[in-house]
Amino acid sequence: MSTLVEDRDLASSRDCPVVEGKHLVQRVVPRTADVGGIPVNRVLPSRQRRLVGAWCFLDHAGPAVFKGDSQGLRVGPHPHIGLQTFTWMIEGEVLHRDSLGNEQVIRPSQVNLMTAGRGISHTEESVSGETHLHAAQLWIALPEVDRRTDPRFDHYPDLPSWEEQGVAFTLLTGEFAGRRAPTLAFSPLVGLDLVSREASTLRLSLQADFEYGVLPLEGELHIEGDTFPPNELAYLGRGREAVTLSLPAGGRAILVGGEPLDEEILIWWNFVGHSKAEIAEAQRDWEAGSERFGSIPDYDGEPLTPPPLPWQA
């Protein structure tokens with residue numbers, strides 16, 4: 001019996017049905033987007049699934065190889081509110097600059113975490129001479145009570161890592177297997193990178209009050225009888241105490257999860273808000289060059305221009 005469930009049955013539910021004692025799994029297919037000249041597979045948000053815990057955005061960039069005159073990734077100044085940007089670098093090097101004056105190169109096996117709070121702007125670009133890029137770029141929605149927190153930037157070069165069941169684990173945020181990542185979080189979350197050196201089957205313990213998704217980045221992922229190719233998210237819902245995964249040799253996947261965020265979240269362009277008015281105010285401030293978002297004078301390029309707000313068109 002297949003353990004898959006139709007998208008229409010789960011679009012707004014955090015609980016995957018249980019049939020004959022088995023939890024069903026929702027398949028969330030990606031769409032292609034362009035970010036700074038790089039094609040990415042965008043999994044969240046989508047028609048099928050908007051949130052996994054407070055994780056509200058998930059792009060898988062690469063693996064990409066830059067040839068000829070390509071400058072690689074180049075994303076000009078743009079604003080954020082109400083979220084944390086979370087970059088997990090797998091291959092390549094990218095320079096982050098922001099309106100607080102931070103400059104930080106992120107390298108493989110490191111996380112850059114920018115907390116936008118009430119407002120920040122930043123740029124991202126491949127380091128000069130870099131020919132590769134492979135990364136997962138995620139956003140985390142801030143709870144309403146924290147949405148106007150002070151903006152800040154944190155870099156995490158050292159994260160808990162270990163090997164078990166033939167798989168290399170890196171804990172990106174939260175707690176797992178008795179370990180805790182140092183990553184700043186405003187709601188209960190977990191992020192876990194899995195790399196299989198050889199074909200492996202492993203059983204992961206889960207928290208029943210969390211909802212989870214697993215995204216294969218390289219190689220096919222098998223979950224209890226169903227196969228997910230790279231970039232198709234397996235949404236597990238909540239209520240599980242464990243899940244069994246199989247990865248091929250060289251396979252890689254990322255598990256994200258968290259306590260359901262029982263708040264209305266709106267996403268428009270680079271803003272995450274709790275109301276249309278909040279987002280409209282941020283867009284007006286950016287277009288007016290407000291001090292709210294500062295500036296990044298060391299970036300050689302023009303700021304990004306937002307599209308018109310859909311509810312004013």
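The basis for the numbers below is simple: all heavy atoms, side chains too, and nothing from hydrogens, waters or symmetry mates. If you read the sequence from its start, that first residue is 1, and numbering goes on from there. Model, not experiment: these values are computed from the prediction.
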Checklist outcome for this item: Of all heavy-atom pairs linking Pro216 and Phe228, the shortest is CG-O, 3.6 Å

Checklist entry - Any side-chain heavy-atom pair from Arg50 and Phe57 closer than 4.5 angstrom? => result no

Item to check | Minimum heavy-atom distance between Thr123 and Pro77, given as atom pair plus value | outcome: CG2-N, 3.4 Å

Next on the checklist: For Arg240, is there an ion pair with Glu224 - N to carboxylate O distance below 4.0 angstrom?
Outcome noted: yes

Checklist entry - How far apart are the closest heavy atoms of Ile296 and Ser99, and which atoms are they? => result CG1-N, 3.9 Å

Checklist entry - Is a side-chain donor or acceptor of Thr115 paired with a backbone partner of Gly117 at a separation under 3.5 angstrom? => result no

Item to check | Residue pair Leu159, Thr183: steps toward the side chain to side chain contact (heavy atoms under 4.5 Å, CB included) verdict | outcome: CA-CA 9 Å; Leu159 296 160; Thr183 324; 4.0 Å; yes

Checklist entry - Do Arg118 and Thr149 have side chains that get closer than 4.5 Å, going by heavy atoms? => result no

Checklist entry - How far apart are the C-alpha atoms of Asp150 and Arg152, what are their side-chain angles, what is the distance that settles it, and do they pass the salt bridge (charged side-chain N to carboxylate O under 4.0 Å, His left out) test? => result CA-CA 6 Å; Asp150 291 340; Arg152 58 182 284 174; over 6 Å; no

Checklist entry - Taking C-beta and beyond as the side chain, do Arg49 and Gln26 meet within less than 4.5 Å on heavy atoms? => result yes

Next on the checklist: Other residues, nucleotides and ligands only: do more than 12 of their heavy atoms fall within 6.0 Å of CZ on Arg180?
Outcome noted: no

Checklist entry - When rounded to the nearest 0.5 angstrom, what is the spacing between CZ in Arg147 and CZ in Phe186? => result 13.5 Å

Next on the checklist: For the CG atom of Leu204 and the CD atom of Gln165, what is their distance to the nearest 0.5 Å?
Outcome noted: 7.0 Å

Checklist outcome for this item: CG (Leu184) and CG (Asp154) are apart, to the nearest 0.5 Å, by 5.5 Å

Next on the checklist: Please determine whether side chain to side chain contact (heavy atoms under 4.5 Å, CB included) holds for the pair Ile120 and Arg292, giving the CA-CA distance in whole Å, both sets of side-chain angles, and the decisive distance to 0.1 Å.
Outcome noted: CA-CA 7 Å; Ile120 196 171; Arg292 175 181 184 180; over 6 Å; no

Checklist entry - If you measure from CZ on Arg284 to OG on Ser290, what distance do you get to the nearest 0.5 Å? => result 11.5 Å

Next on the checklist: Test your reading of the model: is there a side-chain donor-acceptor pair from Ser196 to the backbone of Gly250, 3.5 Å cut-off?
Outcome noted: no

Checklist entry - Quick one: does Glu124's side chain get under 4.5 Å of Leu73's, heavy atoms only? => result yes

Item to check | Asp59 (side chain) donor-acceptor with Ala61 (main chain) under 3.5 angstrom | outcome: no

Checklist entry - Short question: side chain of Asp285, backbone of Ala288 - any donor-acceptor pair under 3.5 Å? => result no

Checklist entry - If only atom types and distance count, is the side chain of Ser246 paired as donor or acceptor with the main-chain N or O of Thr201 below 3.5 Å? => result no

Checklist entry - Which is it for Cys56 and Val272 under the side chain to side chain contact (heavy atoms under 4.5 Å, CB included) test, yes or no, and what are the steps along the way? => result CA-CA 9 Å; Cys56 63; Val272 170; 4.1 Å; yes

Checklist entry - Does Ile90 share a hydrophobic cluster with Tyr156, counting links as ILVMFWY side-chain heavy atoms below 4.5 Å and allowing steps through other members? => result yes

Next on the checklist: Quick check on Asp158: does its CG atom have over 12 non-hydrogen neighbours (other residues, nucleotides or ligands) under 6.0 Å away?
Outcome noted: no

Checklist entry - Is there a side-chain contact between Arg252 and Asp193 (heavy atoms, below 4.5 Å)? => result yes

Checklist entry - Going by distance alone, is a donor N or O of one side chain under 3.5 Å from an acceptor N or O of the other, for Asn112 and His155? => result yes

Item to check | Residue pair Leu233, Val214: steps toward the side chain to side chain contact (heavy atoms under 4.5 Å, CB included) verdict | outcome: CA-CA 6 Å; Leu233 179 74; Val214 187; 5.6 Å; no

Checklist outcome for this item: Closest non-hydrogen contact found for Leu171 with Leu192 is CA-CD1, 3.9 Å

Item to check | Where Pro151 and Gly119 come nearest, the two heavy atoms and their spacing | outcome: CG-O, 3.5 Å

Checklist entry - Heavy-atom distance under 4.5 Å between the side chains of Phe153 and Leu113, does that happen here? => result no

Checklist entry - Under 30°, 30 to 60°, or over 60°: which ring-plane class applies to His134 and His60, parallel, tilted or perpendicular? => result tilted

Next on the checklist: Ring centres under 6.0 Å, that's the criterion: do Trp286 and Phe271 meet it?
Outcome noted: no

Item to check | Single hit among Leu58, Val111, Val256, Leu189 for side-chain contact (heavy atoms from CB on, under 4.5 Å) with Phe86 | outcome: Val111

Next on the checklist: What I'd like to find out is whether the side chain of Glu175 reaches to under 4.5 Å of the side chain of Val190, using heavy atoms alone.
Outcome noted: no

Item to check | Pairwise side-chain contact, Val167 with Val195, heavy-atom cut-off 4.5 Å (strictly under) | outcome: no

Next on the checklist: Could you report the tightest heavy-atom contact between Leu304 and Gly76, atom names first, then the distance?
Outcome noted: CG-O, 3.9 Å

Next on the checklist: Just by distance, no angles: are the side chains of Glu220 and Thr227 close enough, under 3.5 Å, to form a donor-acceptor pair?
Outcome noted: no

Item to check | Ion pair Arg148/Glu281, N-O distance below 4.0 Å | outcome: yes

Item to check | Whether Glu130 side chain and Ser126 backbone form a donor-acceptor pair below 3.5 Å | outcome: no

Checklist entry - Looking at OG of Ser128 and CD of Glu93, how far apart are the two atoms once the value is rounded to the nearest 0.5 Å? => result 11.0 Å

Next on the checklist: Ignoring hydrogens and geometry beyond distance, is a side-chain donor-acceptor pair present between Trp88 and Gln110 at under 3.5 Å?
Outcome noted: no

Item to check | Where at least one partner belongs to residues 103-129, residue pairs that pass ring-ring contact (aromatic ring centres under 6.0 Å, His included), sequence neighbours excluded | outcome: His78-His122, His80-His122, His96-His122

Checklist entry - Do Glu211 and Tyr235 have side-chain N/O donor and acceptor atoms under 3.5 Å apart? => result yes

Checklist entry - Would you call Glu125-Arg97 a salt bridge at under 4.0 Å N-O? => result yes

Item to check | Residue pair Arg238, Asp209: steps toward the salt bridge (charged side-chain N to carboxylate O under 4.0 Å, His left out) verdict | outcome: CA-CA 6 Å; Arg238 60 183 173 181; Asp209 59 336; over 6 Å; no

